[in-house]
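I have placed the structure first, in the form of structure tokens, so that the comments after it can refer back to it.
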Amino acid sequence: MALSIYNSLAREKQLFEPLHPGRVHMYVCGPTVYNDAHLGHGKTYVNFDIMVRYLRYMGYQVLYVQNITDVGHILDSGEDRIVQGARREQMQPMQLAEHYTRRYFADMDRLNVLRPDISPRATGHVHEMIDWIQALVDNGHAYVSDGSVYFDVSRFEDYGKLSGRRLEEAQSGTRVQQAEDKHSPEDFALWKKADPEHVMRWSSPWGEGYPGWHIECTVMSTKYLGQPFDIHGGGVENKFPHHECEIAQAEAATGLPFARYWVHNGMLMIRGEEMHKSLGNFITLERAYERWDPMVLRFFILQSHYRGPLDMTEEAVDAAARGLERLYGTVRAVRRQLASAPEGAASSEVARLAESSRASFEASMDDDFNTPGAIAALFDFSRATNVLLQEPGTLTSGDMEVIDRLFGRLAGDVLGVLPDQLRESDAPELSRQLIELLIETRRELRQARAYELADKLRDGLSALGVQLQDGPQGTSWTIG
RNA sequence: GGCGACGUAGCCAAGUGGUUAAGGCAGGGGUCUGCAAAACCCCCACCAUCGGUUCGAGUCCGAUCGUCGCCUCCA
């Protein structure tokens, strides 16, 4: 296994080598918790979840940090997002942040996104931010102006190395607003002076105020991961200015490099358009879950590469749902037949099949986390398994276990799309017994050639979500 | 206007110079079945357009057309 990652900083795929052998330190920009998470959040955190899972699968000990932005994300109007949300919902700012933080985690749990090892809150790190800003002021990379502190972009040579943007270009942009107290329009806020009515405020060497958005990621990532650290992830839309500013602050303050590998994921589109409140196509995860199983959404997301944009249409998600069901069908069949399989160790044929499937899966994942390729490997494995399954008695219990374990490892542990309860026996005991009774009754009806009644039974069960499949060894069923 | 991505079958989507262009969905034809469903087998792509580099290009270069992102808040 040799993992290559597309490093946005270098603009090329590079062999991944962690700073410390066997360990990976990874940071991803988290959400600003002023509203419910939407499908775009879903794509982003599933994309990065896959990286964490695969790195762990490879044997790395991963320390994954993802912040919670609960202060400092400022709107055009100069208003803080959290403060604005708090007024909208008539809550205290911290109450609002806590409320949406909990909902964020709940939404991500349903998508089977593993929780980060550390979820630092920006408000809990204001002291560290102040220290960091002070260091920048002390070494001349930042200046104080009327109670606010700004980063002096002209004093940082490398500004623009991530986004490819140059100073002159930024200056020529017509929409950059010139704040009165900035020396230059592209300078960005490290610390903002709080107006008298501003609720979220901390005292600092420059007076009462609150931190800017960019500084929190620099401070919280390096605090827990060191500097430099291995991987920094985020959405492409934040490449500039957010990530560019993070680099500037981090490297200007310490003289050390910041993140070694930058990974950016592509955006989610709704029917060809960016999801935006103003476009009226803003879909929260909660609402999407009413229409689709979260596993289906996760699978849909993974069927495209993380770096590309993903256009979401109902048709495409429905197609993904049917594909996922196909995979589940194989896993169900294996688990169902395990009990009746002849005892025995795994055959060399199955061992070879499992080995080549695993290799093919890993080859795709090693290539910059190519999940569509990895999924294709699973479908191939699924087909090969189904062929073996067609001849009852071909597979021994050992074979079944090898197959089941591989699905569990690849589709379950790495891709996170395999629920543990894929067994028909997971229905409540009474339901199970009733279904078995109806199946037996139907068997007798069929034997008596009372097909009309038998079909009526089957249709009735189907309407209740119980699908029957007649096979050579009797009738099996799934519930869903 | 500046910077940057991308255009692959009806739909979704891999593929970064080399035999027959993955995989899924949909569709067509079979096998199996009392009939279905599932499963299995077979079929379904002149890789946006034009030009160039090369023995050889979906893959590299240029132009054109189109879509999208960033430059202002975004995951």
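To find a chain, count down the sequence lines: A is the first, B the second, and so on, and within it residues start at 1. Both backbone and side-chain heavy atoms feed into the values below; hydrogens, waters and symmetry mates do not.
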Of V236(A) and V387(A), the one whose closest nucleotide on RNA chain B sits nearer the 5' end is V387(A)
Please confirm whether the shortest side-chain N or O distance from R322(A) to OP1 or OP2 of A26(B) is below 4.0 Å. yes
N/O donor to acceptor pairs below 3.5 angstrom from side-chain atoms of residues 449-464 of chain A, sequence neighbours left out:
unit_1: D455(A); atom_1: OD1; unit_2: R458(A); atom_2: NH2; d: 3.4
unit_1: S462(A); atom_1: OG; unit_2: Q467(A); atom_2: OE1; d: 3.3

Between the base of G15(B) and the side chain of N370(A), is one N or O donor paired with an acceptor at under 3.5 angstrom? no
Which value, in whole Å, describes the distance between the C1' atoms of nucleotides U20(B) and C12(B)? 24 Å
With ring centroids as reference points, do F229(A) and F258(A) lie under 6.0 angstrom apart? yes
Hey, is CD on E157(A) packed in by over 12 heavy atoms from elsewhere, all under 6.0 Å? no
When rounded to the nearest 0.5 angstrom, what distance separates NE2 in H264(A) from CG in N238(A)? 7.5 Å
By nearest atom, which of the nucleotides A75(B), G24(B), A38(B) is closest to the N238(A) side chain? A75(B)
Does N386(A) make a side-chain N or O approach to OP1 or OP2 of C40(B) shorter than 4.0 Å? yes
Please confirm whether the shortest side-chain N or O distance from R326(A) to OP1 or OP2 of C40(B) is below 4.0 Å. yes
With the six-membered base ring of G34(B) as reference, does the ring of Y451(A) sit under 5.5 Å away with planes under 30° apart? yes
From CG of L378(A) over to P of A14(B), roughly how many Å is that when rounded to an integer? 16 Å
Under a 4.0 Å heavy-atom criterion, the protein footprint on nucleotides 6-13 of chain B, written with B, S and -, is -----SSS
Backbone N/O of V350(A) and side chain of D399(A): donor-acceptor pair under 3.5 Å: no
Rounded interatomic separation in angstrom, taking CD from E314(A) and C1' from C25(B): 15 Å
What pairs of residues pass the ring-ring contact (aromatic ring centres under 6.0 Å, His included) test when at least one of them lies in residues 96-122 of chain A, not counting sequence neighbours? Y45(A)-Y104(A)
Rounded to the nearest angstrom, tell me the gap between atom CZ in R443(A) and atom P in G34(B). 14 Å
U53(B) to C60(B) separation - C1' atoms, rounded to the nearest Å: 8 Å
When you compare A13(B) with G7(B), how far apart are their P atoms, in angstrom units rounded to a whole number? 10 Å
Measure centre to centre between the rings of H183(A) and Y150(A), then say whether the value is under 6.0 Å. no
Filter on ring-ring contact (aromatic ring centres under 6.0 Å, His included), then keep only pairs touching residues 297-338 of chain A, sequence neighbours left out; what's left? none
With a 4.0 Å cut-off on heavy atoms, is K43(A) in touch with a base, just the backbone sugar-phosphate, or nothing at all? nothing
Report, one pair per line, the protein and nucleotides 18-20 of chain B atoms (nitrogen or oxygen only) whose separation is under 3.5 Å.
none

Distance in angstrom units between E325(A) CD and A26(B) P, rounded: 12 Å
Check the distance between A39(B)'s P and Q469(A)'s CD and give it to me in whole angstrom. 9 Å
For the aromatic rings, using the six-membered ring if either is Trp, is the centroid distance between H214(A) and F188(A) under 6.0 Å? yes
Please measure how far the C1' atom in A63(B) lies from the corresponding atom in G69(B), and state the result in whole Å. 23 Å
Okay, side chain of R53(A), backbone of D413(A): is any donor-acceptor separation there less than 3.5 Å? yes
For the P atoms, the ones on A36(B) and on U31(B), what distance do you get once it is rounded to whole angstrom? 12 Å
Rounded C1' spacing from G58(B) to C50(B) in Å: 16 Å
Just to be sure I understand the rule, does D380(A) reach a base, reach only the sugar-phosphate, or reach nothing, if contact means heavy atoms closer than 4.0 Å? sugar-phosphate
I'd like a list of close polar pairs between nucleotides 28-32 of chain B and the protein, N/O only, cut-off under 3.5 Å.
none

Interatomic distance, M365(A) CE vs G23(B) P [rounded to whole Å]: 19 Å
By the 4.0 Å heavy-atom rule, please label G235(A) as base, sugar-phosphate, or nothing. sugar-phosphate
Can a donor-acceptor pair under 3.5 Å be found between the side-chain atoms of R446(A) and the base atoms of G34(B)? yes
Sole candidate of R110(A), R291(A), R103(A) that passes salt bridge (Lys or Arg N to Asp or Glu O under 4.0 Å) when paired with E286(A): R103(A)
Taking atom P in both G10(B) and C47(B), compute the distance separating them and give it to the nearest angstrom. 12 Å
Rounded P spacing from A38(B) to G29(B) in Å: 15 Å
Is R443(A) salt-bridged to D470(A), going by a charged N under 4.0 Å from an acidic O? no
Which sits closer to the 5' end of RNA chain B, P241(A) or G30(A), going by the nucleotide each is nearest to? P241(A)
Length of the NZ-P vector between K161(A) and C3(B), whole Å: 22 Å
N/O donor-acceptor pair, side chain Q390(A) with base A39(B), under 3.5 angstrom: yes
So what does L268(A) hit on the nucleic acid, given a heavy-atom distance under 4.0 Å: a base, only sugar-phosphate, or nothing? base
Could you give the CG-to-P distance, from D36(A) to A75(B), as a whole number of Å? 13 Å
Report yes or no: do Y224(A) and D117(A) form a side-chain donor-acceptor pair below 3.5 Å? no
Hey, does the side chain of R383(A) come within less than 4.0 Å of G24(B)'s phosphate (OP1/OP2), counting only N and O? yes
side-chain contact (heavy atoms from CB on, under 4.5 Å), that's the test. Do F156(A) and D158(A) meet it? Break it down for me. CA-CA 6 Å; F156(A) 186 70; D158(A) 278 346; 3.6 Å; yes
